[in-house]
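To start, the structure itself, in structure tokens.
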There are 2 protein chains.
Amino acid sequence: MELGHVTRLDDVARALGVSTATVSRALSGKAGVSSEVAERVRRTAAEMGYVANVHARTLAGGTTTVIGLVVHEIGDPYFTEIAGGLVEAAEQNDLLVQVCHAGRDPGRELKQVRSLVAHRVRAVVLAGSGHTDPEVDADLRALLDGFTARGGHVVAIGRRHLESDALLPDNTGAGATLARHLLELGHRRIAVLGGPPGLTTVQDRLAGIHSVLDGREDVELHVLETDFTRDGAATAAVEVVERWPRTTAVLALNDAMAIGVLDTLRRRGVRVPEQVSVAGFDDVAVAAQLSPSLTTTRFPLTEMGREALQLVLTPPSGEARRRRVDHQLITRESTAPPPQE
Amino acid sequence: MELGHVTRLDDVARALGVSTATVSRALSGKAGVSSEVAERVRRTAAEMGYVANVHARTLAGGTTTVIGLVVHEIGDPYFTEIAGGLVEAAEQNDLLVQVCHAGRDPGRELKQVRSLVAHRVRAVVLAGSGHTDPEVDADLRALLDGFTARGGHVVAIGRRHLESDALLPDNTGAGATLARHLLELGHRRIAVLGGPPGLTTVQDRLAGIHSVLDGREDVELHVLETDFTRDGAATAAVEVVERWPRTTAVLALNDAMAIGVLDTLRRRGVRVPEQVSVAGFDDVAVAAQLSPSLTTTRFPLTEMGREALQLVLTPPSGEARRRRVDHQLITRESTAPPPQE
DNA sequence: TACCATAACGCAAGCGCTTACGGACAGCGC
DNA sequence: GCGCTGTCCGTAAGCGCTTGCGTTATGGTA
């Protein structure tokens, strides 16, 4: 209970009749203390319920045990899974994760990163798409450069424009794979629900799709720009149904959007996949349980979160480590051959 | 770029020819500085890219802008939605959220909270079920008591045993509602997939179920203890199918588990709801998109996260504020009358 | 025995900020 | 003119920890 009082390093030192220096060294396992004393210190500290003041420690030059994670949409399963892998791995390494929600707004993102830097976090992990316009990220990069220069570590997931360690999902390949899949099923009138054009993920996935579909005279392709969210896609799907009612396949640029599309189609009484096929990206955990289950491409998101932490833990080598993450086509119920005319 | 150097308060002060005290006061909007000077300070600080060192500030007695969130399972949508509401609301108030994963292990939880306390977070939000055994939480409560005594703020979501501000979902009511729902559909052979008995949420939901089903001679009720996770339920569902093949309804104590049940039944070729009805708790976002969509009870999770932040922001009044959160039955495809014999 | 490395520990100077306290100065009433 | 109040600002004392350096004890070596 002990209202209002926290045991400090000094209290422990006094209780043992040693100096704070000794206690400090003993507790952080540094050399310069005999093992018996160290043991006694540790025991007493534990008994007294001593917990080091993180701020004092950090200020004095010790190292932080917090890493920052910046995501676009905390509610999006894509990020949830990454966060899950990261937080769990962090916990195993006695690290804490500070989660920031940037809402796909570069300004907000900048603010969040600034705050993380101010907290002297050990590392910043940036998850999600970068911006195609290098200008947008200019401030961010300057900030991150300063951060790394002072010993901070930056790990990106899918931000290929950043010169940091990175996990780079093969978005272009995934786009191509899905386009090919639809083509092989026989679809020729395809709608793509794209996100805001400023995002590299959007750009890459679209590029993959175009690389397969462009130049084919028998293919009618409509690309709709919309919000990169489930609701955005749900609304856009209405437009697809009304403007191009003969569409036989809708390709959403992520699973959240695909779910939105399924939702709209269900409400409108359009049967999937009998009348319209739907596919997404990312193979979010629930994709398999959807009604109908969703054809998508898989990136090992949880695994990527864990791997990001591994990068955090291993000190940055001379040059940036960039690992490409491969995709995998997951064929499920939501795609099928188009209806006979 | 400026490798290795961060602008400090002192740098700003020197640039302006004033004392650090003045700069400090100006930046934190305290009295004692003329408005012109304050304005000049703010401008110069911004120009120099000054960002206060959070640790120094906190150590010197300033207040933190971090709040800690402890969840049982970061991957569980239940917590994800709460976290989503919380993180978003926090962002709007210039607060950072530190997320901890306790994995339903009191020891780990304790460790995480200890770490949060060491970080002098402004508030600790504990989400998820408490433990029925008061002993288990004894250490935790001592820790939290110390924390509040030093001005910390504790907000619980669903931890009715803690004497803090709390949001208390009506789990008992929800259990009763679902049991009644199954009964009304005509189900008489019901299996319940419960979680570990040490959790109050499990206890409360079960209590609600029992309050409706107990004493009815025509009802055959089997309660299975299992892991409170999707995989745990998936495994348990196998057991249900094999041991009590005539079961017509499976009630899982949360949606994640219900999803696991659906998964198992699908694999086994058992049709839902034609042969077996399935229901869950919480109305996680994907419940509506499942195949088949899931009957469940809704708690406004995202809203609860937001509300928790509101509690964090409003200073604790004399006595704990405890708000009960009502549930709502969401009837969907996964429940229907049992098959004719 | 004298000398020096080595180990074990204490001293004290910070880390970058906040804030009590006090000084300087202006304005006011008497 | 004096004193008083109030405003604006600087001085300096910490906040609780880490760590470089100095001191002392210890043992090994020539």
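What's counted below: heavy atoms across the whole structure, side chains too, no hydrogens, waters or symmetry copies.
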- Item | Aromatic ring pairing B:H55/A:H55, orientation class (parallel under 30°, perpendicular over 60°, tilted between) | tilted

- Query: Would you say B:R306's side chain and B:A89's backbone share a donor-acceptor pair under 3.5 angstrom?
  - Reply: no

- Note on the structure: Its contact letters, B for base, S for sugar-phosphate only and - for none at protein heavy atoms under 4.0 Å, make nucleotides 12-21 of chain C read --BBBBBBB-

- Query: Nearest heavy-atom pair of A:A83 and A:L69: which atoms, and what distance?
  - Reply: CB-CD2, 3.8 Å

- Assess the side chains of B:R57 and B:T64: does a donor N or O sit below 3.5 Å from an acceptor N or O? no

- Task: Calculate the interatomic distance between B:E39 atom CD and D:dC9 atom C1'; express it in whole Å.
- Result: 18 Å

- Message: Counting only side-chain nitrogens and oxygens, does A:T58 get under 4.0 Å of the OP1 or OP2 atom of D:dC17?
- Response: no

- Message: Within the 4.5 Å heavy-atom criterion, are B:L143 and B:L110 side-chain neighbours or not?
- Response: yes

- Tell me yes or no: between the side chains of B:R321 and B:T314, is some donor less than 3.5 Å from an acceptor? yes

- If you measure only the distance, is there a donor-acceptor pair under 3.5 Å linking the side chains of B:D137 and B:H161? no

- Query: If you fit an axis to the five pairs at each end of the helix from C:dT1-D:dA30 to C:dC30-D:dG1, how big is the angle between those two axes, to 10 degrees?
  - Reply: 60°

- Can a salt bridge be assigned to the pair B:D139 and B:R114 using a cut-off of 4.0 Å between side-chain N and carboxylate O? no

- Rounded to the nearest Å, what distance is computed from the CD atom of residue B:E36 to the C1' atom of nucleotide D:dT7? 12 Å

